[in-house]
Protein chains: 2
Amino acid sequence: MSVTRVQHFAVSLDGFATGEGQTREAPFGHAGERLHEWMFTTRWGRTAQGLPGGTGGADDAFLRLFTPGVGAEIMGAGKFGHPGWQDDPEWRGPWGPNPPFHTPVFVLTHHTRPPLAMEGGTTYHFLDATPAEALATARGAAGGLDVRIGGGPTVVRDFVRAGLVDHLHVVVVPIVLGRGVRLWDGLEGLEHDYDVESVATPSGVTHVTFARRDAEV
Amino acid sequence: MSVTRVQHFAVSLDGFATGEGQTREAPFGHAGERLHEWMFTTRWGRTAQGLPGGTGGADDAFLRLFTPGVGAEIMGAGKFGHPGWQDDPEWRGPWGPNPPFHTPVFVLTHHTRPPLAMEGGTTYHFLDATPAEALATARGAAGGLDVRIGGGPTVVRDFVRAGLVDHLHVVVVPIVLGRGVRLWDGLEGLEHDYDVESVATPSGVTHVTFARRDAEV
Ligand SMILES: NC(=O)c1ccc[n+]([C@@H]2O[C@H](COP(=O)([O-])OP(=O)(O)OC[C@H]3O[C@@H](n4cnc5c(N)ncnc54)[C@H](OP(=O)(O)O)[C@@H]3O)[C@@H](O)[C@H]2O)c1
Ligand SMILES: NC(=O)c1ccc[n+]([C@@H]2O[C@H](COP(=O)([O-])OP(=O)(O)OC[C@H]3O[C@@H](n4cnc5c(N)ncnc54)[C@H](OP(=O)(O)O)[C@@H]3O)[C@@H](O)[C@H]2O)c1
């Protein structure tokens with residue numbers, strides 16, 4: 001059965017999933033790398049950097065769920081690039097020639113362009129569509145596998161609010177960012193539709209997982 | 001050594017410490033009891049309700065820190081009563097004739113009145129003062145013991161921002177309240193001054209503790 005999942009989506013204690021002042025050099029604005037430092041010390045994170053070693057606990061386990069069983073990703077224009085990328089015809093995303101997705105990726109944007117085939121199986125498709133339409137398109141391309149909703153916060157929020165997310169995995173990082181884009185806005189009462197679990201790990205973060213009760217439907 | 005502490009201060013995932021629409025009957029507004037349900041199943045919480053049994057894990061351990069070593073509490077007008085209590089000369093707080101503090105309690109308010117001596121050692125003093133002044137007054141009354149900053153969120157935030165809180169214990173409850181009064185506003189970068197730890201418990205909440213690095217000063 002194919003589900004829709006949000007994976008290791010990092011937010012601060014005050015609910016910000018990115019900082020203020022995003023630029024090409026600082027994709028998370030003033031947040032820098034503080035929302036993602038917990039990843040770098042895991043075995044998964046170190047392998048991605050070409051380094052040996054790393055932790056093998058729950059942080060690592062959650063990160064290892066990133067790839068298996070996922071057949072497509074949907075992301076927002078704000079994740080695909082810094083403000084203004086739409087005016088740069090050469091922009092091919094921030095992940096280089098061989099992005100880590102290795103599946104079709106649907107970029108939601110009001111400024112569509114032709115598909116971009118990258119190395120390693122990633123193809124970027126640019127889509128101006130409602131969340132439900134985008135999900136139907138991504139499902140069609142996912143070959144029966146799961147669809148990842150990759151962020152940023154605006155897109156995750158829209159999909160959760162539309163009732164389209166089966167598994168929501170949020171990582172609460174114990175910092176107070178103060179400004180940026182919030183995840184939780186407009187999601188009052190979210191917990192009613194999900195089974196919720198929390199686990200804190202030695203890195204200091206807390207994994208909060210929401211599994212939709214009627215995920216079969 | 002006397003420290004200033006905030007104890008088991010409950011917030012939702014989106015950072016609200018109370019809901020919208022506070023009344024005498026609903027002191028947490030639309031949040032109801034959802035921020036505090038985790039307490040009711042502990043041994044400490046059940047004893048307070050005159051019931052036997054209850055859990056004895058980390059939730060209970062944290063709650064048991066409420067009384068020992070505390071010589072005074074500071075609270076805000078919004079914790080002392082529903083909006084409008086200031087116009088009710090008979091109002092003696094929501095905790096009945098024998099409140100659970102058993103120490104002097106300093107109620108910060110722009111509508112001061114004479115002190116109120118209650119049963120069991122609690123005396124309410126009404127104070128219009130800055131956080132630093134209020135803390136000096138409470139310290140003077142605490143007999144060398146700690147001062148608890150009891151809330152609500154506005155008062156906790158003001159004291160933390162003024163650098164007056166040594167130990168901050170926040171309980172993140174995995175619900176999305178959507179509206180109310182936020183704790184974290186204006187506290188950007190808080191983590192820099194504190195050692196932070198997180199532990200999730202079987203009740204589903206996460207205890208996040210901030211211990212000030214220079215708490216001796
Ligand atoms: N914390 C994490 O784990 C995490 C994960 C991923 C990303 N991020 C960060 O999140 C930030 C981006 O998030 P964000 O909330 O600002 O933006 P976003 O969610 O990535 O994208 C929102 C934008 O996508 C376009 N869009 C969204 N829905 C659409 C629809 N239905 N139809 C057409 N276009 C649509 C719109 O852009 P246009 O109108 O311009 O086309 C909209 O402004 C970046 O800083 C990124 O680094 C964080
Ligand atoms: N989540 C938790 O664990 C927790 C704990 C405790 C309380 N609560 C809840 O929090 C809510 C109350 O919080 P709140 O943020 O609305 O209010 P609050 O922090 O209790 O009180 C703020 C009010 O106190 C007065 N005040 C504050 N600082 C002052 C100063 N320096 N000098 C003079 N007066 C001052 C002002 O009232 P006036 O101008 O009217 O005098 C101000 O509006 C209630 O719903 C309560 O049930 C939650």
Side-chain angles (χ1 to χ4, degrees), chain A residues 9-17 19-21 29-32 34-35 37-38 58-59 153 156-157 160-161 168-180 182-211, chain B residues 9-17 19-21 29-32 34-35 37-38 58-59 153 156-157 160-161 168-180 182-211:
Chain A
F9 195 75
V11 301
S12 60
L13 276 171
D14 48 344
F16 293 102
E20 209 175 64
H30 86 290
R34 286 181 290 156
L35 286 169
E37 270 162 8
W38 64 276
D59 290 346
V156 170
R157 208 195 295 133
V160 172
R161 192 157 35 196
L168 169 63
H169 169 214
V170 176
V171 184
V172 181
V173 181
I175 60 176
V176 181
L177 278 180
R179 51 215 160 91
R182 291 187 197 269
L183 172 61
W184 303 114
D185 284 4
L187 300 184
E188 179 181 337
L190 177 64
E191 66 277 8
H192 298 308
D193 301 327
Y194 292 84
D195 289 320
V196 187
E197 263 191 48
S198 302
V199 66
T201 63
S203 69
V205 305
T206 302
H207 299 269
V208 186
T209 48
F210 294 76
Chain B
F9 196 75
V11 301
S12 61
L13 276 172
D14 48 344
F16 292 102
E20 208 175 64
H30 86 290
R34 285 181 290 157
L35 286 169
E37 269 162 8
W38 63 278
D59 290 346
V156 170
R157 208 196 293 135
V160 172
R161 192 157 35 196
L168 170 63
H169 168 214
V170 176
V171 184
V172 181
V173 181
I175 60 175
V176 181
L177 279 180
R179 52 215 159 91
R182 291 186 198 268
L183 173 61
W184 304 113
D185 285 3
L187 300 184
E188 180 181 337
L190 177 64
E191 65 278 6
H192 299 309
D193 300 326
Y194 293 85
D195 289 322
V196 186
E197 262 190 49
S198 300
V199 66
T201 62
S203 69
V205 305
T206 302
H207 300 269
V208 185
T209 48
F210 295 76

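Order of the sequence lines fixes the chain letters, A, B, ..., with proteins taken first and strands second; residue numbering starts at 1 for each chain.
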message: For B/Val196, which atoms come within 4.5 Å of any heavy atom of chain A: side chain, backbone, both, or neither?
response: side chain

field: Contacting moiety of A/Val170, where chain B heavy atoms sit under 4.5 Å
entry: neither

- request: Would you mind checking which part of B/Val172 comes under 4.5 Å of any heavy atom in chain A, side chain (CB onward), backbone (N, CA, C, O), both or neither?
  value: side chain

message: On a heavy-atom basis, which atom in A/Val199 and which in B/Ala200 lie closest, and how many Å separate them?
response: CA-CB, 3.8 Å

task: For residues B/Trp184 and A/Asp14, report the shortest heavy-atom separation together with the two atoms involved.
output: CB-CB, 3.5 Å

message: Treating B/Ser198 as the side-chain partner and A/Gly204 as the backbone partner, does any N or O pair qualify as donor plus acceptor under 3.5 Å?
response: yes

query: Would one find more than 12 heavy atoms of other residues, nucleotides or ligands at under 6.0 Å from atom CD of B/Glu197?
result: no

query: Relative to chain A, which segment of B/His207 carries a heavy atom at a distance below 4.5 Å: side chain, backbone, both, or neither?
result: neither

task: Specify which of A/Gly15, A/Pro174, A/Ser12, A/Gly186 makes the most heavy-atom pairs with chain B at under 4.5 Å.
output: A/Pro174

message: Which atoms of A/Thr206 are under 4.5 Å from chain B, going by heavy atoms: the side chain, the backbone, both sets, or neither?
response: side chain

message: Is A/Phe210 close to chain B through its backbone or its side chain, or both, or neither, when contacts mean heavy atoms under 4.5 Å?
response: side chain

Proximity breakdown for B/Leu177 and chain A, heavy-atom pairs closer than 4.5 Å: backbone

With B/Glu191, the side-chain contact (heavy atoms from CB on, under 4.5 Å) member among A/Ile175, A/Leu13, A/Val173: A/Ile175

- prompt: Which atom names give the shortest non-hydrogen contact between A/Arg182 and B/Asp185, and what distance separates them?
  reply: NH2-OD1, 3.9 Å

